[in-house]
Amino acid sequence: MSDVTFDFECTACERNNKSSKAVKYCHDCGGYCCQTCTDTHKMFQALENHALADITLASQPSHQQPKQLQYPTERCSVHEGKLIDMYCEHHNDVGCYMCLLKHHRSCPESHIHCIPEMIDTLFKLTDSKHVQNLLRERMLNLQNQRKVKTSQLNMLLESKKFALEEVMSFHKALLACIDKMIETSKGEIEDSYEELRKQADEEKHAIDIVYGDLKKADDKLKGSDKNKAQQFVCTKIADGFMKTADRAIEEKTKAKMGEVSFVPNFTILKHIESQVKLGVTKKITDVSTELYIIQNTKDICINIDGDASHSWCNGCCINEDGNMLVTDYFNKKVKRIDLAKGDVVDSCKLDSHPYVVCCTRTDEFAVGCQGINEIQFLSVKDKKMKVTRQMEISHLCSGIAFMNDRLYMTDAKETLRIYNMNGTLMKEVSCDNDGQKLFTCCRHLVFNKSGTMLFVADDKYGLVCFDQELKFLHTISDVDLRGATGVCIDGKGNVFATGYSSNSIVQFREYGEKVGVLMKEADGLKKVVSVCFHPNTSSCIVAMNNPGVLKMCCFRKRHI
């Protein structure tokens with residue numbers, strides 16, 4: 001049969017690489033039907049009302065096959081079974097003829113079009129591609145919003161943990177008779193958390209619904225490339241979904257995640273028998289943001305006698321005891337600073353160039369060195385530093401952090417790695433789940449107070465956020481943060497990132513909300529390479545590309 005030709009061939013059979021003589025034309029399907037396909041129309045209830053027209057074959061050579069109209073396949077959701085084959089130019093809307101009669105009766109007749117008859121005039125392929133691009137843009141925005149909501153849920157869970165920790169910490173100072181009050185306060189925290197969690201889950205679910213509609217619209221557009229009428233209808237339906245998505249994106253962008261906090265009532269120690277609960281549980285639905293502002297600044301000289309050249313510091317770290325260590329790359333030294341005096345009180349000579357440093361225990365620091373690519377561990381017992389051991393690595397160490405007996409390192413390129421304390425590589429990450437690169441030049445990194453989130457400064461992407469197992473969460477970027485190099489936390493939910501190119505320090509909330517620009521070039525910043533926060537003095541110690549000098553910036557807090 002493949003060599004047999006007919007004046008009119010069955011459209012359905014032709015799609016299946018078969019050649020069958022057509023005997024009818026179906027206006028609803030928009031194609032020709034052989035006898036078998038004609039009989040099929042009679043077998044199925046959904047097809048039995050299709051309009052089948054007879055075909056008169058012409059034997060003359062000049063006979064021209066009539067133009068085959070294309071009919072959309074989309075059915076009206078209101079008038080069941082009716083094809084969406086009408087278009088109102090006045091309202092830029094599609095529908096079945098019943099919809100047009102009901103809702104567009106007053107529209108100018110010249111603006112009402114039958115899609116199959118006018119499709120060549122109405123259809124523009126560029127419109128479809130443009131809408132597909134817009135659909136995907138909305139889908140990407142919704143995906144980003146979902147990631148933000150996931151991060152906010154993590155923050156909510158973290159605030160719950162902190163609140164419960166406050167409850168248990170306060171409990172240690174009380175008598176045994178207050179045990180029953182603990183349960184009352186814990187119950188309030190759980191109720192507050194559950195209420196806020198449900199609210200956040202509902203918002204996530206709403207995002208998923210809108211995203212699903214956009215995905216369906218996108219799939220239909222992709223699958224309708226051979227049917228201009230269907231593609232036109234899908235394009236217009238997609239317009240409606242995108243309006244819904246725009247409203248959802250606007251609403252979710254403005255929405256803020258609440259937190260749970262617990263404020264102890266210290267008067268309970270004096271009036272314990274008259275109290276019924278440990279303190280006040282608050283549901284914070286509109287979190288007040290704290291922006292640190294400069295109170296004063298001073299320069300700290302890190303040059304000491306015996307230095308062969310000017311000191312240059314790329315990394316600094318402060319432990320719980322207030323010991324501050326800085327790396328002096330050019331002089332191959334690690335120096336300990338007394339912040340109260342602003343002087344170097346101790347130094348330790350190394351065999352290679354120290355670049356970054358982090359605290360591993362109260363009396364131990366890990367120093368990432370360049371030249372021989374190794375980690376050197378320094379003891380600070382008895383206020384005297386000395387090298388205790390080394391760990392060899394196969395790459396440059398441009399950033400280092402410690403959490404749960406693991407060292408997390410960056411390489412100033414595109415990879416983040418986890419090592420155990422014996423130097424065994426446990427895991428490395430350079431791409432997300434979709435295979436997209438996460439870094440271009442990754443630098444300093446830091447964990448939040450609870451150890452649930454890791455922030456990595458990257459020259460191009462800003463702050464790239466992970467959980468402690470290096471699962472990618474989201475990215476924090478901002479126009480005021482260009483060439484991110486350094487990052488630190490204050491232990492109260494704030495993250496500070498330095499911009500080498502923007503000469504700035506920008507303050508963010510852990511889930512990505514920008515608090516404001518903490519410092520800028522007008523405050524004396526230029527080419528900032530790292531920063532660390534001293535919670536006891538509420539100050540930042542900033543290392544810049546300025547040999548021999550650190551800048552200590554003391555802050556007071558302002559509520560905005």
Side-chain angles (χ1 to χ4, degrees), residues 136-156 158 200 203-204 207 211 249 252-257 289 398-399 401 403 408-418 427-448 450-489 493-502 504-518 528 530-531:
R136 289 163 185 168
E137 180 182 324
R138 266 66 167 191
M139 290 161 64
L140 180 60
N141 284 337
L142 286 171
Q143 284 179 326
N144 291 335
Q145 287 296 325
R146 196 179 192 284
K147 289 179 180 178
V148 170
K149 289 299 175 186
T150 300
S151 298
Q152 290 176 341
L153 278 169
N154 291 335
M155 285 294 299
L156 176 59
E158 186 176 333
E203 292 179 357
K204 281 179 61 180
I207 289 174
Y211 178 85
I249 292 170
K252 305 311 176 189
T253 301
K254 292 180 180 179
K256 291 187 176 182
M257 172 58 62
T289 306
S398 62
M403 181 59 62
Y408 296 72
M409 302 182 203
T410 56
D411 61 359
K413 294 181 180 179
E414 300 176 348
T415 306
L416 169 65
R417 297 174 174 88
I418 304 179
K427 187 175 183 178
E428 59 182 35
V429 172
S430 58
C431 299
D432 62 16
N433 291 335
D434 298 325
Q436 299 296 317
K437 288 185 178 180
L438 292 169
F439 310 107
T440 57
C441 181
C442 48
R443 297 285 188 175
H444 290 280
L445 62 165
V446 69
F447 276 94
N448 64 354
S450 63
T452 57
M453 292 182 67
L454 175 65
F455 305 91
V456 182
D458 181 75
D459 180 73
K460 179 179 180 179
Y461 299 115
L463 296 183
V464 187
C465 307
F466 302 84
D467 64 14
Q468 62 183 7
E469 299 301 325
L470 297 193
K471 178 182 178 182
F472 172 68
L473 299 176
H474 61 271
T475 300
I476 302 173
S477 59
D478 189 79
V479 67
D480 291 316
L481 181 65
R482 301 190 306 276
T485 52
V487 59
C488 68
I489 63 167
N494 291 297
V495 182
F496 307 101
T498 65
Y500 185 87
S501 302
S502 55
S504 62
I505 301 177
V506 185
Q507 182 179 340
F508 300 93
R509 295 287 286 172
E510 288 184 3
Y511 54 78
E513 178 187 6
K514 180 183 178 181
V515 180
V517 178
L518 192 65
V528 187
S530 68
V531 63

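The basis for the numbers below is simple: all heavy atoms, side chains too, and nothing from hydrogens, waters or symmetry mates. One is the number of the first residue; the rest follow in order along the sequence.
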Legend entry - Results of ring pair (Phe, Tyr, Trp, His ring centres under 6.0 Å) for Phe439 - residues two or more places apart only: Phe466
Inset, instruction - Inspect the surroundings of NZ in Lys427 and state if more than 12 heavy atoms from other residues, nucleotides or ligands are less than 6.0 Å away. - result: yes
Legend entry - side chain to side chain donor-acceptor pair (under 3.5 Å): pairs with one or both residues in residues 477-489, sequence neighbours excluded: Asp478-Lys514, Asp480-Lys514, Thr485-Thr498
Legend entry - side chain to side chain contact (heavy atoms under 4.5 Å, CB included) partner of Leu454, chosen from Asp467, Leu473, Leu416: Leu416
Legend entry - 4.5 Å side-chain heavy-atom contact, Tyr408 and Leu470: yes
Inset, instruction - Ignoring hydrogens and angles, tell me if any N or O in the side chain of Thr410 forms a donor-acceptor pair with the backbone of Arg443 under 3.5 Å. - result: yes
Legend entry - Any side-chain heavy-atom pair of His474 and Ile476 under 4.5 Å: yes
Legend entry - Distance in Å, Tyr461 OH paired with Leu438 CG, rounded so as to fall on 0.5 Å steps: 8.0 Å
Legend entry - Closest contact, heavy atoms only, Cys441 versus Ala412: SG-O, 3.3 Å
Inset, instruction - Report yes or no: does Asp411 contribute a side-chain atom to a donor-acceptor pair with the main-chain N or O of Lys413 at less than 3.5 Å? - result: yes
Legend entry - Arg138: salt bridge (charged side-chain N to carboxylate O under 4.0 Å, His left out) partners, not counting sequence neighbours: Asp246
Legend entry - By ring pair (Phe, Tyr, Trp, His ring centres under 6.0 Å) - contacts of Phe472 (at least two apart): none
Inset, instruction - Working to the nearest 0.5 Å, report the span between CZ of Phe508 and CG of Asn494. - result: 11.0 Å
Inset, instruction - Kindly write out the residues that satisfy salt bridge (charged side-chain N to carboxylate O under 4.0 Å, His left out) with Glu414, not counting sequence neighbours, or none if the list is empty. - result: Lys437
Legend entry - N/O donor-acceptor pair under 3.5 Å between Ser398 side chain and Cys442 backbone: yes
Inset, instruction - Tell me, please, which residues at least two apart from Asn433 pass side chain to side chain contact (heavy atoms under 4.5 Å, CB included). - result: none
Legend entry - Where Leu153 and Ala200 come nearest, the two heavy atoms and their spacing: CD2-CB, 3.3 Å
Inset, instruction - Report the distance from atom OG1 of Thr475 to atom NZ of Lys460, rounding to the nearest 0.5 Å. - result: 11.5 Å
